[in-house]
Structures are given as structure tokens and as C-alpha cells.
Amino acid sequence: MDCWFLRHGNPTPTAFTVSSPYPPPSFRKPLVFSTKTVLDFPNDPLLTRRAASGLSIRPRRVFSVIASAGASHFEPSSSLNSPLEPRSQPGRFLSSVLQNHRQLFHIAVVDELKLLADVRDGAVSRMRLSVGSDEACLHRRVALLKEQECQLAVEDVMYMLIFYKFSEIKVPLVPRLSRCIYNGRLEIWPSRDWELESIHSLEVLEMVKEYVTNVSGLRADSSVTDHWATTKIPRLKLSQVYAASILYGYFLKSASLRHHLEQGLALVNQDNLGRRTPLQFQQMCPYGLKNLLFGGVSNVQSMSYSQGSTNQEMKRQTLKCYVKEFDPDTLQRCAKLKSKEAVNLIESHCCALFWDEKVNLVENDESILTSFSSLKRLALEAVAFGSFLRDTEEYIDTVYKLKENN
């Protein structure tokens with residue numbers, strides 16, 4: 001049976017009408033189904049839009065729910081124990097769906113992204129229609145506010161998707177560091193190194209291990225004593241290493257995708273040498289693969305028949321060697337964050353992880369005593385975060401057009 005529910009404020013523990021696709025996040029008492037319900041919703045434009053549009057998860061029948069009175073209450077944003085808590089209504093809604101109705105999470109994400117796109121595009125359309133009228137200034141202001149609200153909501157959606165990916169490998173995000181410091185020492189346990197490394201291909205993993213060794217100083221043959229040895233590191237420097245590791249993970253994901261696609265292109269071209277000329281093949285992609293991937297004009301030249309051996313070399317070329325041959329422009333394209341939302345999310349996540357409040361970072365740059373094992377854990381998590389961020393960015397952009405990071 002499919003139930004429809006709607007996220008909302010704190011309802012009274014009485015009967016209510018159900019009119020949204022997802023079950024409520026948290027009813028600690030058992031739910032009793034009845035034939036009638038009544039519910040008052042808060043004045044939320046997204047909720048009104050959802051109810052009016054009839055968007056749902058393959059609805060077949062509407063049921064009613066009665067919540068028993070007592071200690072049970074509605075908790076739309078119970079904590080995920082992540083550094084950054086959802087800051088918007090869609091973010092809190094997806095947080096509750098993830099915790100209580102995981103199988104509906106991706107459907108809920110698409111639903112929310114479509115609603116946010118409708119809200120943003122609708123405000124922009126009204127602004128354009130009002131040009132030249134007395135209300136033009138008002139509609140410009142409304143469109144700007146809606147854009148800001150939707151951008152914050154999309155950042156929350158992006159964060160929830162990344163959190164979901166971590167939960168798939170059963171690795172919780174490190175909570176705020178203040179919760180991990182005991183007796184003046186930062187310790188993160190269990191390390192979850194194997195799980196965090198398992199998301200990478202062998203070629204990427206080789207580069208990740210080399211990077212983590214440079215960051216933490218731990219080698220593959222390091223002893224247990226080396227892992228538990230302690231060091232002091234300024235909090236600000238630790239946050240910078242974490243942010244840089246996110247960017248490195250993002251870069252590796254972009255470079256890996258580019259590498260695989262260029263290998264595939266070379267292989268297809270080689271297989272068709274006897275039936276199609278290289279020029280004809282390039283005409284199928286007139287701007288080249290680099291342009292398809294990164295939006296710039298490519299200088300890829302037509303391949304000749306004599307380049308068969310070159311194609312074989314590309315097939316055998318490792319990702320590490322491939323990246324080393326990047327020119328500055330290609331390196332920048334792979335490393336650059338594609339969206340403004342991704343830039344904001346990294347900043348918000350790092351601030352939430354390393355600082356409890358918005359404080360002066362320089363004045364609060366005390367040194368933290370921690371083990372090399374914990375440094376390795378933070379670096380591995382950050383690299384995985386960056387890799388997931390790259391995937392999430394592309395996933396969201398298919399439904400909701402992200403703001404380009406110029």
C-alpha cells in the first residue's frame with residue numbers, strides 16, 4: 001500500500017489528512033490507519049506547489065493516519081550527526097526521508113529539484129514579463145530572493161546526496177571536531193580506511209594512496225606505533241588540508257572520466273579504421289572530445305592511419321601518466337569546480353566541521369593534538385567527499401540547472 005504524506009510543521013497529535021507522497025519522518029508510536037484525516041499545513045510555497053501540482057510517488061490509493069497522543073511528536077529534521085545540518089525546508093525534508101524512508105530518497109530528491117526549478121524559473125518569468133511596468137523593481141527583488149533561497153536549498157540537496165553516498169559504504173561523516181576531541185586530543189575511530197578506499201578504481205586508488213602518504217606521512221608498511229603516534233597541527237592548517245583534499249578528489253574524478261572517455265574514443269576509432277576514415281570519425285564529434293567534456297574549443301587534430309600504435313599506447317597508459325601530461329589549461333579545467341553551489345557547499349561543510357560558530361579563524365587557530373591515523377582518516381574522507389561531489393553535481397544538473405562557477 002502506498003501512503004501519501006506531506007512534510008510540515010509540528011501538527012497536533014490528532015487525525016489529519018494525507019496529501020503528499022512521502023511518509024512523515026518520525027512517529028515514534030505505532031501508526032493506526034483510519035478512513036478520515038484532517039491536517040493544517042504551514043504557509044510554505046513549496047508545500048502548496050506540491051499539493052496543487054499533485055506530484056507524487058506513483059500514487060494508487062490515499063490512506064489516512066492517526067497519530068496517538070502522548071510523547072510521540074513530529075521531528076522533521078532529526079539530526080544526521082553530520083557537521084552541516086540542513087538549512088532549508090527541502091534539505092530538512094530529505095534528511096527525514098533518508099532516515100526513515102530510504103527507499104524513497106532518490107524519488108524525493110528529483111521531486112524537490114523539479115519544484116525548486118519551477119519556483120526559480122517562475123520568478124524569473126514574472127520578472128521578465130514585468131519589465132517596463134511599475135512592479136518591475138518588485139519582481140526583480142522577488143526573483144533575486146527566490147534565486148538565493150533555491151540555491152541554498154540545492155546546496156542542501158547536494159549535501160544530502162553526498163551523505164547518502166557515504167551511508168552506502170557505511171561510513172559516517174566525521175562530526176564537528178569539537179565532539180571528537182577528548183582530553184585535548186582529536187581521535188577519529190574507527191578509521192574506515194578500507195571502506196573509503198573501496199570507492200576508487202585501482203588507478204585512482206594508487207594516486208589517492210600517494211597523496212594521503214604525503215599528507216599524513218604514513219606509508220603502506222607503517223607500523224601500528226606509527227599510526228598512533230601523535231603530532232600537533234594548527235586548526236586552520238588542518239581545515240586547509242581537508243579542503244585541498246576535497247578538491248583533489250574532485251580533480252581525480254574529473255580526470256578519470258576524461259581518461260576513460262578518451263580511451264574509448266581511441267578504441268572506437270581504431271576499430272573503424274577499415275570502414276571509416278579518421279576524418280569521417282572526427283566529423284561525428286566536430287569539436288573534439290575535450291570540448292564535449294569541458295565546454296572549450298578543442299585542438300584535437302585528425303587522426304591518421306599511422307596512429308594505430310599511438311592508440312595502443314593510450315590504452316595502456318595509466319591515469320597517473322595521463323595526468324602528468326596535462327597542459328596548464330587542461331589541468332585547470334579538471335580541477336575547477338563547475339558550479340557555484342559546489343563552491344559554497346565546500347566552504348559551509350569545512351566551516352561546520354572545524355568551527356562551531358562563525359568566528360575569526362585567525363584568532364581561534366589553536367593547535368590540535370591528533371594521531372597520524374586520524375589525519376589519514378580525514379584526508380581519505382575529504383578525497384571521497386570531492387569524488388562524490390563531482391558525481392552529485394552532474395546528477396543534479398540534469399534536473400536543476402546549477403549556477404556556473406565563473
Side-chain angles (χ1 to χ4, degrees), residues 6-11 19-22 39-56 76-77 83-97 108-162 295 336-352 355 357-361 389 392-406:
L6 186 60
R7 53 186 168 85
H8 51 79
N10 294 327
S19 56
S20 171
Y22 312 116
L39 175 62
D40 293 326
F41 298 107
N43 215 356
D44 189 302
L46 283 177
L47 302 187
T48 304
R49 174 72 173 171
R50 179 193 296 279
S53 62
L55 291 173
S56 60
S77 59
L84 185 62
E85 293 294 334
R87 300 155 293 173
S88 64
Q89 184 72 8
R92 289 188 289 271
F93 172 59
L94 292 176
S95 171
S96 65
V97 173
V109 165
V110 174
D111 191 13
E112 290 301 315
L113 290 174
K114 288 179 178 178
L115 288 171
L116 289 168
D118 288 344
V119 169
R120 181 190 62 180
D121 296 343
V124 172
S125 297
R126 289 189 293 272
M127 178 190 69
R128 290 173 178 171
L129 290 173
S130 67
V131 173
S133 68
D134 295 338
E135 298 178 349
C137 182
L138 174 62
H139 282 289
R140 280 198 304 272
R141 179 61 177 165
V142 170
L144 178 61
L145 291 175
K146 289 298 180 183
E147 181 183 8
Q148 293 172 349
E149 290 175 4
C150 290
Q151 182 171 323
L152 181 64
V154 168
E155 290 170 20
D156 279 350
V157 174
M158 191 178 289
Y159 195 69
M160 287 298 102
L161 282 167
I162 293 173
K336 182 181 178 182
L337 299 172
K338 302 299 184 293
S339 68
K340 185 65 176 176
E341 287 83 355
V343 175
N344 294 341
L345 183 59
I346 292 176
E347 180 181 353
S348 299
H349 174 68
C350 290
C351 286
W355 286 274
E357 299 176 353
K358 292 182 178 180
V359 294
N360 190 307
L361 305 186
L389 178 62
T392 299
E393 221 180 16
E394 188 156 345
Y395 174 77
I396 290 179
D397 202 45
T398 61
V399 183
Y400 180 101
K401 186 62 178 176
L402 296 173
K403 189 174 183 180
E404 186 176 354
N405 178 32
N406 296 320

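Residue numbers run from 1 in the order of the sequence given. Hydrogens, waters and symmetry mates are skipped; everything else that's a heavy atom, side chains included, is used.
Judged purely by atom type and a 3.5 angstrom limit, Asp156 has no side-chain atom pairing as donor or acceptor with the backbone of Pro86. Not a single donor-acceptor pair under 3.5 Å links the side chain of Ser130 to the backbone N or O of Ser133. At distances below 3.5 Å, not a single donor-acceptor pair connects side-chain atoms of Ser348 with backbone N or O atoms of Leu345. Without hydrogens or angle criteria, Ser95 side chain to Gly91 main chain gives no donor-acceptor distance under 3.5 Å.
Taking 4.0 Å as the cut-off between side-chain N and carboxylate O, Glu155 and Arg87 count as a salt-bridged pair.
Closest heavy-atom contact between Leu116 and Cys150: O-SG, 3.6 Å. Minimum interatomic distance between His349 and Leu84 (heavy atoms only, all atoms of both residues): N-CD2, 4.2 Å.
Taking OG of Ser125 as the reference point, atom NE2 of His139 lies at 11.5 Å (rounded to 0.5 Å). Separation of atoms OG1 (Thr392) and CG (Leu161) is listed at 5.0 Å; rounding is to 0.5 Å. How far OH of Tyr159 is from CD1 of Ile346: 12.0 Å, rounded to the nearest 0.5 Å.
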Show me, pair by pair, the donor-acceptor contacts under 3.5 angstrom made by side chains of residues 396-406, not counting sequence neighbours?
unit_1: Asp397; atom_1: OD1; unit_2: Leu402; atom_2: N; d: 2.9
unit_1: Thr398; atom_1: OG1; unit_2: Tyr395; atom_2: O; d: 2.6
unit_1: Tyr400; atom_1: OH; unit_2: Arg120; atom_2: NH1; d: 3.2
unit_1: Asn405; atom_1: ND2; unit_2: Leu337; atom_2: O; d: 3.0

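Not counting sequence neighbours, the partners of Ser339 by the side chain to side chain donor-acceptor pair (under 3.5 Å) test are Glu393. Applying the side chain to side chain donor-acceptor pair (under 3.5 Å) criterion to Glu394, with sequence neighbours excluded, gives Arg390.
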inquiry  = Does Gln148 form a side chain to side chain contact (heavy atoms under 4.5 Å, CB included) with Leu152? I'd like the steps, not just the answer.
reply    = CA-CA 6 Å; Gln148 293 172 349; Leu152 181 64; over 6 Å; no
task = Run the numbers on Met158 and Leu389 for side chain to side chain contact (heavy atoms under 4.5 Å, CB included), then give the verdict.
result = CA-CA 8 Å; Met158 191 178 289; Leu389 178 62; 3.5 Å; yes
request  = Dump the intermediate steps for side chain to side chain contact (heavy atoms under 4.5 Å, CB included) on Glu112 and Leu94, then the final yes or no.
outcome  = CA-CA 9 Å; Glu112 290 301 315; Leu94 292 176; 4.1 Å; yes
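Counting heavy atoms from C-beta on, the side chains of Pro83 and Trp355 never come closer than 4.5 Å.
Surrounding NZ of Lys336 are more than 12 heavy atoms belonging to other residues, nucleotides or ligands, all under 6.0 Å away.
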